Amino acid sequence: MFAGFGKRATLAAMPELPEVEVLVRHLDPLLRGRRVKAVEVRRPRVLGPTSPSALSSRLPGARFERVERRAKYLIFHLRKGNRTRTGASEPSTFRLIGHLGMTGRMFVQPVKAPLPKHAAVVVRLDRGVFVYEDTRYFGRLTLDESSLAKLGPEPLNGEFTVEGFAAALKRSAQAVKVRLLDQSLVAGVGNIYASEALYRAGVSPRKAARRLRQDEVARLHGAVIAVLREAVEFGSTMPLDWSGQAGRDGLFYYGSAPDTAGYEERLRVYDRAGQPCGCCGTMIRRIAQAARSTFYCPRCQRS
DNA sequence: CACCATGTTCCTTG
DNA sequence: CCAAGGAACATGGT
């Protein structure tokens with residue numbers, strides 16, 4: 001199916017902005033108009049500060065209106081008609097905030113299908129069952145919106161400007177790779193696309209953020225947008241099965257586009273330590289920064 | 001058995 | 001007060 005999958009196929013799902021975007025596009029038409037019959041919380045920790053009883057009193061009877069994305073978060077818009085004492089109907093809207101953490105998945109499955117082992121929240125609908133499952137339970141499905149307030153500009157809708165990016169980088173002596181993971185600087189970049197964007201821009205991940213020249217800032221800004229946009233496009237070409245998985249391993253961001261001649265691998269440096277750089281042949285290197293892996297080409301990313 | 005992986009939040013240190 | 005660094009969270013794969 002995929003050439004060159006190798007050992008990377010065993011890596012667990014790692015949702016960053018593009019993966020969440022594709023998931024949202026997948027879920028929106030499935031959930032739109034569906035009414036909640038019941039909710040079952042199997043792992044209260046994933047609700048964050050929201051109590052299981054708060055969720056159980058809010059969700060049943062509500063209808064999904066639409067699903068949207070903000071950074072790596074999913075935002076479910078729901079509407080519920082509240083009855084007043086006079087018997088009149090007073091519709092009220094509220095939002096459910098989802099985050100996949102590192103291993104989370106969300107999908108709509110048939111009523112009769114068995115629930116996955118790590119199902120954290122199960123929402124029974126008028127048609128089908130909406131499941132949030134997460135092996136490590138680092139993600140969230142909650143009524144609490146506080147994390148959204150800390151997010152910086154969205155990279156794909158014009159909010160993310162070169163000027164703002166340059167100003168934010170100037171304030172820090174930290175390595176630029178570490179800064180890219182700060183969601184207040186640009187929201188949605190994770191460990192994989194941070195390495196990819198730096199490689200594409202030809203900027204060393206170790207360079208102090210404030211030392212980037214203007215041309216480097218501009219290239220990095222463009223590279224962040226480009227790698228995310230291309231990943232969304234790539235993921236959009238992958239058919240998802242009923243559980244929301246794409247391809248053999250549910251990892252649409254690994255492997256190759258099915259319609260690409262020669263099955264060229266899409267990620268250039270991530271998880272490629274010891275392999276030759278596709279541009280100059282130098283061995284890709286792996287280093288640790290802020291307790292995370294960074295992959296880069298020491299020749300193409302010298303400054 | 002020991003160690004590694006991802007994202008976010010919290011705690012400590014300077 | 002803020003920047004920066006590191007631990008914790010939970011689980012499974014190697």
Side-chain angles (χ1 to χ4, degrees), chain A residues 5-21 23 41-50 69-75 97-106 116-121 132-142 144-152 155 167-197 205-211 224 227-228 231 235 245 248-254 267 269-274 286-295:
Chain A
F5 237 70
K7 58 164 86 164
R8 312 163 109 225
T10 62
L11 291 176
M14 290 172 273
E16 300 185 22
L17 182 150
E19 290 72 31
V20 176
E21 175 65 27
L23 175 62
V41 179
R42 301 192 158 198
R43 285 283 177 152
R45 107 175 285 278
V46 305
L47 300 186
T50 299
R69 178 192 61 74
R70 170 77 170 105
K72 302 171 194 171
Y73 292 84
L74 300 99
I75 304 179
I97 311 301
H99 194 290
L100 299 174
M102 297 190 283
T103 54
R105 289 170 50 217
M106 293 184 184
K117 180 180 177 185
H118 298 290
V121 181
Y132 162 41
E133 75 101 2
D134 192 338
T135 30
R136 285 164 215 175
Y137 308 110
F138 281 7
R140 288 290 182 272
L141 191 61
T142 179
D144 173 55
E145 306 202 351
S146 56
S147 18
L148 296 181
K150 302 163 197 158
L151 296 171
L169 290 174
K170 273 206 191 75
R171 279 183 240 119
S172 175
Q174 260 186 326
V176 59
K177 153 63 160 50
V178 179
R179 296 305 299 145
L180 278 180
L181 299 180
D182 183 339
Q183 302 296 295
S184 70
L185 203 144
V186 53
V189 176
N191 205 42
I192 293 172
Y193 295 109
S195 282
E196 293 297 315
R206 325 166 66 134
K207 188 160 185 171
R210 63 161 61 123
R211 301 226 179 283
V224 166
V227 296
L228 295 177
Q245 294 195 79
R248 193 174 51 190
D249 301 283
L251 303 174
F252 73 72
Y253 32 82
Y254 287 112
L267 297 179
V269 287
Y270 185 80
D271 204 27
R272 288 180 174 278
R286 181 178 86 91
I287 58 173
Q289 295 183 290
R292 292 299 185 257
S293 291
T294 300
F295 299 89

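The chains referred to below are lettered A, B, ... by the order of the sequence lines, with proteins before strands, and numbering in each begins at 1. Predicted, not measured: the structure shown is a model, and the values here were computed from it.
Using a 4.0 Å heavy-atom cutoff across all strands shown, A/Tyr137 reaches sugar-phosphate atoms only and no base atom. Note on A/Arg179: nothing from the nucleic acid sits closer than 4.0 angstrom, heavy atoms only. Contact annotation for A/Ala173: backbone-only contact, meaning every heavy-atom pair under 4.0 Å involves sugar-phosphate atoms and none involves a base.
Distances shown here put a side-chain N or O of A/Lys72 below 4.0 Å from the OP1 or OP2 atom of B/dT8. At B/dA5, none of the side-chain N or O atoms of A/Thr103 fall inside 4.0 Å of OP1 or OP2 (strictly under the cut-off). Remark: A/Ser172 is in phosphate contact with C/dA4, judged by side-chain N or O atoms under 4.0 Å from OP1 or OP2. Contact annotation: A/His118 does not reach the phosphate of C/dA10 (side-chain N/O to OP1 or OP2, under 4.0 Å). For the pair A/Arg45 and C/dA10, the criterion of a side-chain N or O lying under 4.0 Å from OP1 or OP2 is met. The shortest distance between the side-chain N/O atoms of A/His99 and the OP1/OP2 oxygens of B/dG7 is not below 4.0 Å. Remark: A/Arg286 is in phosphate contact with B/dA5, judged by side-chain N or O atoms under 4.0 Å from OP1 or OP2.
Shown here for A/Ala173 and A/Arg210, the closest heavy-atom pair between the two residues is CB-NH1, 3.5 Å. Between A/Tyr193 and A/Glu16 the shortest heavy-atom distance is CD1-OE1, 2.8 Å. In plain terms, the two heavy atoms of A/His118 and A/Tyr137 that are nearest each other are ND1-OH, 3.0 Å.
Which of C/dT11, C/dG12, B/dT8 sits closest to the side chain of A/Lys117 comes down to C/dG12. Closest to the side chain of A/Gln174, out of C/dG12, C/dA4, C/dC9, is C/dA4. The side chain of A/Arg292 lies closest to B/dG7 when the candidates are B/dG7, B/dT9, C/dG12. Checking B/dT8, B/dG7, C/dT11 against the side-chain heavy atoms of A/Arg43 singles out C/dT11 as nearest.
Spacing between C/dA10 and B/dC11 at atom P, rounded to whole Å, works out to 15 Å.
Remark: P of C/dA10 and CZ of A/Arg42 are 19 Å apart, rounded to the nearest angstrom. The CZ atom of A/Arg136 sits 15 Å away from the C1' atom of C/dA8 (whole-angstrom rounding). In this structure, A/Asp134 atom CG and C/dG12 atom C1' are separated by 13 Å, rounded to whole Å. Atom CZ of A/Arg206 and atom P of C/dA4 are 18 Å apart (whole Å). Regarding A/Asp182, its CG atom lies at a distance of 10 Å from the P atom of C/dA4, rounded to whole Å. One atom, CG of A/Asp144, and another, C1' of B/dT8, lie 13 Å apart when rounded to the nearest Å. Rounding to whole angstrom units, CG of residue A/Leu180 and P of C/dA4 are separated by 14 Å. If you take CD of A/Gln289 and P of C/dG6, they are 12 Å apart, rounded to a whole angstrom.
A/Arg286 and A/Ser293 share a donor-acceptor pair across their side chains, judged by distance under 3.5 Å alone.
In this structure a side-chain-to-backbone donor-acceptor pair under 3.5 Å is present from A/Gln183 to A/Val189.
Residues A/Val269 and A/Glu196 are in side-chain contact: their nearest non-hydrogen atoms beyond the backbone lie under 4.5 Å apart.
Judged by centroid separation below 5.5 Å and plane tilt below 30°, A/Phe138 does not stack onto the base of C/dA10.
Pair assignment for B/dA2 gives C/dT14, based on Watson-Crick or G-U wobble hydrogen-bonding distances that are each under 3.5 Å.
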